[in-house]
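Atoms considered below: every heavy atom in the structure, side chains included; atoms not considered: hydrogens, waters and symmetry mates.
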Amino acid sequence: MEHIELLQKSLVVLICVSLLWRIVRYMWSFLNVEKEPVTVLVTGAAGQIGYALVPMIARGVMLGPDQPVILHLLDIEPAAEALKGVKMELIDAAFPLLRGVVATTDAVEACKDVNIAVMVGGFPRKEGMERKDVMSRNVSIYKAQASALEQHAASDCKVLVVANPANTNALILKEFAPSIPEKNITCLTRLDHNRALGQISEKLFVHVVDVKNVIIWGNHSSTQYPDVNHATVTTCDGQKPVRELVADDNWLNTEFITTVQQRGAAIIKARKFSSALSAASAACDHIRDWVLGTPKGTWVSMGVYSDGSYGIQPGLIYSFPVTCEKGEWSIVQGLKIDTFSREKMDKTAQELIEEKTLAYSCLN
């Protein structure tokens, strides 16, 4: 009789363990559900920046190591064969996160259901061209692509404009894609932000990750203002102001600023090509922080739609310090602005006002 009771108890225990195991496996299956793929558009995808950018996205640098992606690649008709080659290489690389590639010269097809649009394609200024000629070409390009995004992109599509003049191209895109929220249209100044971080880390012989909270104010151009007045460095004695550690206001107010402002031209002079690698990396940084959030106590620079903060004319796409949380950016408020900074910030704002006027004259 005792043997029977023991057997019965053993069976009950086995049944309970089996049920518990099934419950655990069932719950684990929910925890391990793969995320839905995010569709990312890259325009100018056959160009140098595009060629550097698309493998970064496919590898998870932009959206994280567990986020599958579908890439939509757009370029102009003369670049169709090169674009085909980029698609072939993406397939050959066998990226685990890559769930599909569309390579096309049709803007409508490229913009279909995209969640994130990285606008790299644009018309570069060539020797002998007037500023208005370049602006006119880019206004035409961004008006057409804005229309395609407006009609075919996902309703919550996030847009990053990389092609110069980036701030004004973003403004034109906003005008012709009115259903995309103004907070979802941005331009790239993270490259300049990263350049500023790099210059400070080199000057102080510290690792770049220990430097934070530099600011790029204004236009992605030679009038931009790289500001270190609120930047800090993590040391063994805690957070220290950059100005205190550098201890050279003349360098920070002159050579540092011009080096960051003119870094792109210096790279072109050195390698005979534009800064494709660092621009692609900065684009990934921009989107990653926007989507996944900035670390607590850290801000980054993004070209965003001005709401009048810091006395900047509303309606411009202007680079501000921002923090990001849950897919939304917010301008950092309450920073003290000295006279030197005020002059620099107003100068770059004035250039953006002039660019806006020029762009609208091209539209008319």
Side-chain angles (χ1 to χ4, degrees), residues 49 124-125 127 131 134 162-169 187-208 210-233 241-283 285-286 299-303 310-312 316-321 335-355:
I49 296 175
R125 188 169 186 172
E127 191 174 349
R131 189 163 167 237
V134 182
V162 177
N164 290 320
N167 300 59
T168 302
N169 284 343
C187 79
L188 186 70
T189 56
R190 183 61 175 270
L191 175 56
D192 310 299
H193 182 99
N194 289 350
R195 285 167 171 167
L197 293 175
Q199 289 302 304
I200 296 300
S201 74
E202 291 280 297
K203 182 73 171 178
L204 294 175
F205 300 99
V206 297
H207 198 287
V208 72
D210 292 328
V211 186
K212 70 175 186 179
N213 294 351
V214 299
I215 303 169
I216 302 298
W217 299 100
N219 199 3
H220 175 60
S221 74
S222 60
T223 68
Q224 65 178 259
Y225 172 43
D227 177 6
V228 298
N229 287 326
H230 311 280
T232 61
V233 178
V242 164
R243 280 201 179 272
E244 177 185 316
L245 294 177
V246 172
D248 186 348
D249 283 351
N250 182 59
W251 181 81
L252 286 170
N253 291 342
T254 55
E255 186 181 338
F256 164 73
I257 292 174
T258 55
T259 297
V260 176
Q261 288 174 333
Q262 299 171 13
R263 189 67 162 183
I267 289 170
I268 290 172
K269 184 178 179 181
R271 68 182 295 266
K272 314 307 177 195
F273 296 102
S274 66
S275 45
L277 184 154
S278 53
S281 179
D285 292 344
H286 177 113
W299 62 65
V300 294
S301 300
M302 290 172 58
Y310 296 101
I312 302 305
L316 296 176
I317 303 286
Y318 188 97
S319 183
F320 290 96
L335 298 176
K336 186 178 179 181
I337 306 298
D338 61 22
T339 303
F340 179 85
S341 298
R342 182 78 265 164
E343 290 175 357
K344 295 287 187 183
M345 291 164 66
D346 289 346
K347 180 180 179 181
T348 190
Q350 185 56 42
E351 183 182 52
L352 283 170
I353 292 169
E354 292 169 4
E355 281 190 11

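- Note: Phe320 and Trp217 have perpendicular aromatic rings, judged against thresholds of 30 and 60 degrees for the angle between ring planes.
- Contact annotation: the side chain of Trp251 approaches that of Lys203 to within less than 4.5 Å [non-hydrogen atoms, C-beta and beyond].
- Side-chain contact between Val242 and Val233 is present, with heavy atoms from C-beta onward closer than 4.5 Å.
- Expressed to the nearest 0.5 Å, how far OG1 of Thr189 lies from NE2 of His286 amounts to 7.5 Å.
- Here the CD atom belonging to Glu343 is positioned 9.5 Å from the CG atom belonging to Asp338, to the nearest 0.5 angstrom.
- Residue Arg271 comes nearest to Ala276 through the heavy atom pair NH1-N, 4.4 Å, listed as atom of the first residue, atom of the second, then distance.
- Contact detail for Ala282 and Arg190: the closest heavy-atom pair is O-CG, 3.7 Å.
- When atom types are taken as modelled, the side chain of Thr258 and the backbone of Thr254 share a donor-acceptor pair closer than 3.5 angstrom.
- With values rounded to the nearest 0.5 angstrom, Cys187 atom SG is found 9.0 Å from Met302 atom CE.
- Looking only at side-chain heavy atoms (C-beta outward), Leu204 and Val246 come within less than 4.5 Å of each other.
- Atom CG of Leu188 sits about 10.5 Å away from atom OG of Ser301, to the nearest 0.5 Å.
- Heavy atoms from other residues, nucleotides or ligands lying under 6.0 Å from CD of Gln350 number more than 12.
- A search for salt bridge (Lys or Arg N to Asp or Glu O under 4.0 Å) contacts involving Arg342 returns Asp346, not counting sequence neighbours.
- Taking Asp192 as the reference, Arg195 meet the salt bridge (Lys or Arg N to Asp or Glu O under 4.0 Å) condition, with sequence neighbours excluded.
- Smallest separation of non-hydrogen atoms from Ile312 and Met345: CD1-O, 4.3 Å.
- Side-chain N/O atoms of Glu351 and Thr223 include a donor and acceptor closer than 3.5 Å.
- We find the CD1-OH distance between Ile353 and Tyr318 to be 10.0 Å, quoted to the nearest 0.5 Å.
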Decide side-chain contact (heavy atoms from CB on, under 4.5 Å) for Asn194 and Asp285; before the verdict, give the C-alpha distance in whole Å, the side-chain angles of both, and the deciding distance to 0.1 Å. CA-CA 9 Å; Asn194 289 350; Asp285 292 344; 3.0 Å; yes
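- Taking 4.5 Å as the limit, every side-chain heavy atom of Asp248 sits out of range of all side-chain heavy atoms of Phe256.
- Gly218 approaches Leu352 most closely through the heavy-atom pair C-CD1, 4.0 Å.
- Side chains of Asn229 and Ser341: a donor on one and an acceptor on the other come within 3.5 Å.
- Looking only at atom types and distance, the side chain of Gln224 has no donor-acceptor partner in the side chain of Ser319 under 3.5 Å away.
- At distances below 3.5 Å, at least one donor-acceptor pair connects side-chain atoms of His230 with backbone N or O atoms of Lys336.
- Closest approach of Ile216 to Ala196, counting heavy atoms only: CD1-CB, 4.4 Å.
- Using a distance-only test at 3.5 Å, with no hydrogens or angles considered, a donor-acceptor pair links the side chain of Asn169 to the main chain of Ala163.
- Residues Leu316 and Asn167 are not in side-chain contact: their nearest non-hydrogen atoms beyond the backbone lie 4.5 Å or more apart.
- Across all non-hydrogen atoms, the minimal contact from Ile267 to Ser275 is CD1-CB, 3.7 Å.
- Judged purely by distance below 3.5 Å, without hydrogens or angles, the side chains of Asn219 and Glu355 pair a donor atom with an acceptor atom.
- Side chain of Asn213 to backbone of Thr232: no donor-acceptor contact under 3.5 angstrom is found.
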If you apply the rule side-chain contact (heavy atoms from CB on, under 4.5 Å), what do you find for Ser278 with Leu191, and how did you get there? CA-CA 7 Å; Ser278 53; Leu191 175 56; 3.6 Å; yes
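- Of the possible donor and acceptor atoms, none in the side chain of Tyr225 sits under 3.5 Å from a partner among the backbone N and O of Lys347.
- Take Asp249 and apply the salt bridge (Lys or Arg N to Asp or Glu O under 4.0 Å) test, not counting sequence neighbours, and it matches Arg243.
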